[in-house]
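The figures that follow rest on heavy atoms only: side chains count, while hydrogens, waters and symmetry mates do not. Counting convention: from 1, in listed order, for ligands and their atoms alike.
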Amino acid sequence: MKLSISRYNPERDAKPYLQDYEIDLCQSDHMLLDVMLRLKQQDNTLTFRKSCREGVCGSDAMNINGRNGLACITPVRGLKEPVVLRPLPSFPIIRDLVVDMTHFFAQYHSISPFLINGDSPPGRERLQSPEERDMLNGAYECIMCGCCSSQCPSFWWNPDKFVGPAGLLQAYRFIVDSRDQATPQRLENLNDAYRLFRCRTIMNCSEVCPKGLEPSHAIEMIRLKMLKELP
Ligand code: SF4
Ligand code: SF4
Ligand code: FES
């Protein structure tokens with residue numbers, strides 16, 4: 001298999017460049033990450049993040065043949081060759097395929113990604129009806145891989161002002177949580193020309209999410225809730 005992988009060592013290179021690799025596929029190569037791990041044995045300077053190998057941690061998000069995805073759940077057979085691997089677009093590159101996610105996580109923290117409830121904790125747990133619990137489906141599964149925000153043009157230009165699809169999906173996750181008591185403050189926090197309304201409904205985010213989530217739908221639902229609930 002032929003691969004072309006973006007390389008960048010800030011101590012040596014003025015800018016990123018593509019390096020070609022060739023490797024024979026073996027029986028145990030199912031996903032792209034399997035091949036990358038073997039490539040790393042050939043060239044231990046090749047740098048990328050990975051951890052769970054199961055599509056759960058989100059750390060091996062990268063741009064694969066022009067589309068963001070997770071290397072560990074991308075079947076390697078069938079990929080068009082040479083397989084071109086680049087770091088997540090628009091995020092500052094630290095080295096090779098490793099990007100700086102500072103803005104991304106700052107936006108995530110800006111939406112207060114935790115339950116806010118002033119009542120004294122009950123003896124065991126805060127209960128929900130099955131219907132209330134169902135409202136979290138499609139939002140709680142996000143693994144914060146960054147594939148969506150990195151493929152969102154509105155986030156490219158304003159990563160410091162626009163929360164981005166991943167952060168907004170998490171905002172929605174708490175807005176619709178029946179146990180959370182901070183919906184008005186959460187809506188107010190997003191009621192801004194940039195933080196929420198910079199989304200232009202281009203829908204790259206939903207198109208690319210490797211977990212099949214739909215941040216653009218969540219953004220639309222927040223807008224509707226604002227219309228109904230904010231003065
Ligand atoms: S919404 Fe999807 S693409 Fe975006 S961070 Fe969450 S899991 Fe990744
Ligand atoms: S729908 Fe909004 S958040 Fe999603 S990619 Fe488009 S502009 Fe970005
Ligand atoms: S290694 Fe964890 S999501 Fe791919």
Side-chain angles (χ1 to χ4, degrees), residues 29-40 46-64 66-76 85 87-91 96-99 101-111 113 136-176 190 192-224 226:
D29 291 333
H30 299 293
M31 300 296 166
L32 175 60
L33 186 62
D34 300 327
V35 175
M36 294 177 71
L37 289 170
R38 289 203 301 113
L39 268 186
K40 186 149 173 83
L46 181 62
T47 309
F48 51 90
R49 292 191 180 110
K50 55 102 184 87
S51 180
C52 69
R53 299 177 72 171
E54 298 289 343
V56 174
C57 71
S59 61
D60 63 341
M62 60 187 70
N63 190 271
I64 306 162
R67 181 191 166 92
N68 289 351
L70 300 171
C72 65
I73 56 170
T74 299
V76 73
L85 302 180
L88 286 180
S90 87
F91 287 18
D96 294 349
L97 301 174
V98 175
V99 292
M101 301 184 82
T102 304
H103 276 311
F104 177 77
F105 280 109
Q107 291 295 4
Y108 173 60
H109 291 134
S110 81
I111 59 96
L136 304 182
N137 290 345
Y140 81 91
E141 303 95 328
C142 173
I143 57 172
M144 295 303 290
C145 65
C147 285
C148 56
S149 294
S150 155
Q151 206 111 58
C152 166
S154 296
F155 194 74
W156 294 345
W157 309 124
N158 296 286
D160 53 337
K161 295 193 207 139
F162 174 48
V163 173
L168 290 169
L169 179 65
Q170 288 313 294
Y172 179 68
R173 179 247 171 275
F174 287 98
I175 286 169
V176 293
L190 298 173
D192 170 274
Y194 277 91
R195 285 181 61 67
L196 173 84
F197 289 97
R198 204 67 191 173
C199 168
R200 300 296 193 226
T201 325
I202 305 160
M203 294 181 69
N204 277 7
C205 52
S206 302
E207 161 65 22
V208 84
C209 174
K211 303 295 283 186
L213 308 178
E214 294 193 45
S216 57
H217 173 72
I219 293 167
E220 206 48 44
M221 297 306 283
I222 298 174
R223 283 178 172 151
L224 286 174
M226 274 182 179

Inset, instruction - For the pair C205 and F155, evaluate side-chain contact (heavy atoms from CB on, under 4.5 Å) and give the outcome as yes or no after the intermediate values. - result: CA-CA 10 Å; C205 52; F155 194 74; over 6 Å; no
Legend entry - Distance, nearest 0.5 Å, that separates CD of E220 from CD of E214: 11.5 Å
Inset, instruction - Under 4.0 Å from a heavy atom of K211: give me the atoms of ligand 1 that qualify, with their elements. - result: 7 (S)
Inset, instruction - Taking 2.8 Å as the upper limit, name the protein N, O or S atoms near atom 8 (Fe) of ligand 2. - result: C152 SG
Legend entry - Minimum-distance protein heavy atom relative to atom 6 (Fe) of ligand 1: C142 SG, 2.3 Å
Inset, instruction - Measure the distance from atom 8 (Fe) of ligand 1 to every protein heavy atom, then report the residue, atom name and distance (to 0.1 Å) of the closest one. - result: C145 SG, 2.3 Å
Legend entry - Any donor-acceptor N/O pair, N158 side chain to K161 backbone, under 3.5 Å: no
Inset, instruction - Select one of side chain, backbone, both or neither to describe which atoms of V208 lie under 4.0 Å from any atom of ligand 1, heavy atoms only. - result: neither
Legend entry - Which residues share a salt bridge (charged side-chain N to carboxylate O under 4.0 Å, His left out) with E141, sequence neighbours left out: none
Inset, instruction - Flag the pair R67 / T74 as yes when at least one side-chain heavy-atom distance between them is below 4.5 Å, and no otherwise. - result: no
Legend entry - Over 12 non-hydrogen atoms of neighbours within 6.0 angstrom of CE in M226: yes
Legend entry - Interfacing atoms of ligand 1 (cut-off 4.0 Å, heavy-atom, L169): 1 (S)
Legend entry - Heavy-atom donor-acceptor pair, K211 side chain to C142 backbone, under 3.5 Å: no
Inset, instruction - Taking Q170 for its side chain and Y140 for its backbone only, find out whether a donor-acceptor pair lies under 3.5 Å. - result: no
Legend entry - Parallel, tilted or perpendicular, as decided by the 30° and 60° cut-offs, for the rings of F105 and Y108: perpendicular
Inset, instruction - For the pair F104 and F91, name the ring-plane relationship: parallel under 30°, tilted 30 to 60°, perpendicular over 60°. - result: tilted
Legend entry - side chain to side chain contact (heavy atoms under 4.5 Å, CB included) against D34, all qualifying residues, sequence neighbours excluded: D29, H30, M31, R53
Inset, instruction - Measure from the side-chain N and O atoms of D60 to the backbone N and O of A71, and report whether any donor-acceptor pair falls under 3.5 Å. - result: yes
Inset, instruction - Please test R198 against V163 for side-chain contact (heavy atoms from CB on, under 4.5 Å), starting from the C-alpha separation and ending with a verdict. - result: CA-CA 9 Å; R198 204 67 191 173; V163 173; over 6 Å; no
Legend entry - Distance filter under 4.0 Å to G146 heavy atoms, resulting ligand 1 atoms: 5 (S), 8 (Fe)
Inset, instruction - Find all atoms of ligand 1 within a distance of less than 4.0 Å from any non-hydrogen atom belonging to C147, and give their numbers and elements. - result: 3 (S)
Inset, instruction - For ligand 1, note which part of M144 has a heavy atom under 4.0 Å away: side chain, backbone, both or neither. - result: backbone
Legend entry - Under 4.0 Å to a heavy atom of P210 - the qualifying atoms of ligand 1, by number: 3 (S)
Legend entry - Protein residues having a heavy atom less than 4.0 Å from any atom of ligand 3: S51, C52, R53, G55, V56, C57, G58, D60, C72
Inset, instruction - Spell out, as yes or no, whether a donor-acceptor pair under 3.5 Å connects the side chain of Q107 to the backbone of P159. - result: yes
Legend entry - Shortest protein contact, atom 2 (Fe) of ligand 1 (heavy atom only): C209 SG, 2.3 Å
Legend entry - Interfacing atoms of ligand 1 (cut-off 4.0 Å, heavy-atom, I143): 6 (Fe), 7 (S)
Legend entry - S149 (side chain) donor-acceptor with G164 (main chain) under 3.5 angstrom: no
Legend entry - Contacting atoms of ligand 1, where contact means under 4.0 angstrom from a heavy atom of A166: 5 (S)
